[in-house]
Protein chains: 2
Amino acid sequence: MTQTVAGNKGTRRPSGAVATELLDAALVEFSTHGFEAASTRSIAQRAGWHQPQINYHFGSKQELWQVAVDHLFAELTGQLGDLSGIDDAPVEVFRRSLGHFVAFSARRPELHRIMSIEATVDGPRLGWIVDRHARPLAEQVGRAWTLVRAAGAGAQLSPTEVWQLVIGLGARPFASSPEVVRVTGTAPEVAAQLDLLHRLLGL
Amino acid sequence: MTQTVAGNKGTRRPSGAVATELLDAALVEFSTHGFEAASTRSIAQRAGWHQPQINYHFGSKQELWQVAVDHLFAELTGQLGDLSGIDDAPVEVFRRSLGHFVAFSARRPELHRIMSIEATVDGPRLGWIVDRHARPLAEQVGRAWTLVRAAGAGAQLSPTEVWQLVIGLGARPFASSPEVVRVTGTAPEVAAQLDLLHRLLGL
DNA sequence: GTCTATACCGAGATAGAC
DNA sequence: GTCTATCTCGGTATAGAC
């Protein structure tokens with residue numbers, strides 16, 4: 001089963017498990033080598049595809065990257081769950097979402113790896129990923145934190161500072177786990193990072 | 001004036017301002033594109049050199065990378081100053097060094113950019129940079145923090161947690177400044193990051 | 001739809017004139 | 001020492017057989 005992607009020059013995108021395998025392969029390659037150095041040959045090979053199939057189904061390396069990033073952020077959004085009860089119990093919902101975020105970052109380090117690679121150079125890829133994914137997420141965290149503070153809980157930190165803490169301590173260590181292992185001797189753990197965040201955030 | 005580099009297959013490394021210009025160009029390219037995607041042609045062009053001169057003087061792209069990284073860490077070490085008085089006044093020396101580190105990270109975001117690119121894939125480059133630079137620095141920070149704690153100052157944080165805070169809040173925001181600008185609307189500032197670190201570290 | 005073959009480009013490294 | 005020219009390799013993308 002195939003479906004046409006709007007604005008994709010008529011290329012067809014396969015759905016289902018087969019496509020998911022290729023997108024996962026793409027995320028591994030893009031997150032470890034960066035967009036430029038990642039090769040569509042390696043991505044196809046990793047998923048048992050042939051290289052020209054990528055161009056047929058996704059149109060270009062660029063569009064494959066976008067679809068893969070969308071796929072990854074959709075997975076995160078699904079994990080974070082609904083924030084419907086945030087007005088009634090802001091602290092509990094914030095803590096639960098934070099736990100989901102840290103667990104996701106440990107299980108899927110590709111997301112922060114891609115973000116940190118793209119974050120260093122301003123350009124169309126960074127603009128796309130920030131407008132579409134990063135800024136909405138940061139604003140969501142900021143609003144949630146504002147509710148936490150309004151409820152009289154949490155440390156005296158601005159939404160931006162909280163965002164920095166969440167990324168710097170909840171995502172970065174897992175994205176950089178090979179370095180962390182070599183420097184400290186042990187891999188970062190979800191429970192420890194979460195406990196550290198709770199202490200610093202005053203939750 | 002030239003000098004031979006030990007274990008460099010007899011290649012000659014130029015010294016002085018001319019070489020510094022090339023190393024700076026190399027750091028810009030390596031830190032924004034990553035080792036694999038950076039091209040020696042671009043590096044040479046940026047410094048007004050021709051591409052084959054890089055191979056003549058440094059032997060290979062790999063060795064150029066190592067010399068450039070050494071150059072960058074030497075600059076950081078020079079900025080951090082001496083820690084001789086750390087036993088007498090640990091808090092003051094720690095705060096001063098932290099200030100120098102954050103200021104350096106803002107002025108030279110290339111260091112953390114290169115570290116975070118290399119941190120995601122275990123391999124010879126990561127091993128080299130950790131053994132030679134990152135672990136010694138982390139251990140130095142750990143020892144300094146232990147002295148701070150022994151003096152009864154600072155928050156209840158382990159040396160590893162302090163290291164994570166220093167990197168995550170003192171270096172990462174500047175390395176990712178294009179993203180920070182797009183997400184928050186303003187660039188990270190040395191004084192603000194330093195103030196945040198002081199509050200979290202209890203200094 | 002999926003393959004092979006290939007066009008086209010740019011990479012790192014090297015040879016050789018000067 | 002520094003240049004031009006070039007070798008070899010691997011990248012994306014495309015053409016065309018099946």
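Residue numbering restarts at 1 for every chain, and letters A, B, ... go by the order of the sequence lines. Side chains included, hydrogens not; waters and symmetry mates left out as well; all remaining heavy atoms used. On a predicted model such as this, the values are computed, not experimentally measured, just so you know.
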Problem set entry | Aromatic plane relationship, Trp128(B) with Trp65(B) - under 30° parallel, 30 to 60° tilted, over 60° perpendicular | tilted
Exercise. Quick one: Glu29(B) CD to dA11(C) C1', roughly how many Å, whole number?
Worked result: 13 Å
Exercise. Which residues pass the side-chain hydrogen bond (donor to acceptor under 3.5 Å, both in side chains) test with Glu36(A), sequence neighbours left out?
Worked result: His33(B)
Problem set entry | Qualifying ring-ring contact (aromatic ring centres under 6.0 Å, His included) pairs, either residue in residues 180-203 of chain A, two or more places apart | none
Seminar exercise, completed: Rounded to whole Å, the CZ-C1' distance (Phe58(B) to dT14(C)) equals 18 Å
Problem set entry | Set of side chain to side chain contact (heavy atoms under 4.5 Å, CB included) partners for Thr146(A), sequence neighbours left out | Pro159(A)
Problem set entry | Nucleic acid contacts - residues 37-45 of chain B versus DNA chain C, non-hydrogen atoms under 4.0 Å | Ala38(B), Ser39(B), Thr40(B), Arg41(B)
Could you go through residues 171-179 of chain A and list every donor-acceptor pair under 3.5 Å that involves a side-chain atom there, pairing it with any protein atom two or more places apart or in another chain?
from	atom 1	to	atom 2	distance (Å)
Ser176(A)	OG	Arg172(A)	O	3.4
Ser177(A)	OG	Phe174(A)	O	3.3

Problem set entry | side chain to side chain contact (heavy atoms under 4.5 Å, CB included) involving His50(B) - partner list, sequence neighbours excluded | Pro52(B), Gln53(B)
What nitrogen or oxygen pairs link the protein and nucleotides 2-5 of chain D at under 3.5 Å?
from	atom 1	to	atom 2	distance (Å)
dT2(D)	OP2	His57(B)	NE2	2.8
dC3(D)	OP2	Gln53(B)	OE1	2.5
dT4(D)	OP2	His50(B)	ND1	3.4

Seminar exercise, completed: Between CD1 of Ile54(A) and P of dT14(D) the distance, given in whole Å, is 14 Å
For this session: Provide, to the nearest angstrom, the distance between the CH2 atom belonging to Trp65(B) and the P atom belonging to dG12(C).
Result: 16 Å
Exercise. Reckon Asn55(A) has a side-chain N or O less than 4.0 Å from the OP1 or OP2 of dA13(D)?
Worked result: yes
For this session: Not counting sequence neighbours, list each pair that qualifies as a ring-ring contact (aromatic ring centres under 6.0 Å, His included) and has a residue in residues 99-122 of chain B.
Result: none
For residues 184-191 of chain B, which side-chain N or O atoms pair as donor and acceptor with protein atoms under 3.5 Å away, sequence neighbours left out?
from	atom 1	to	atom 2	distance (Å)
Thr184(B)	OG1	Val180(B)	O	2.8
Thr184(B)	OG1	Thr186(B)	N	3.3
Thr184(B)	OG1	Thr186(B)	O	3.0

Exercise. Rounded to the nearest Å, what distance is computed from the NE2 atom of residue His33(A) to the C1' atom of nucleotide dG11(D)?
Worked result: 14 Å
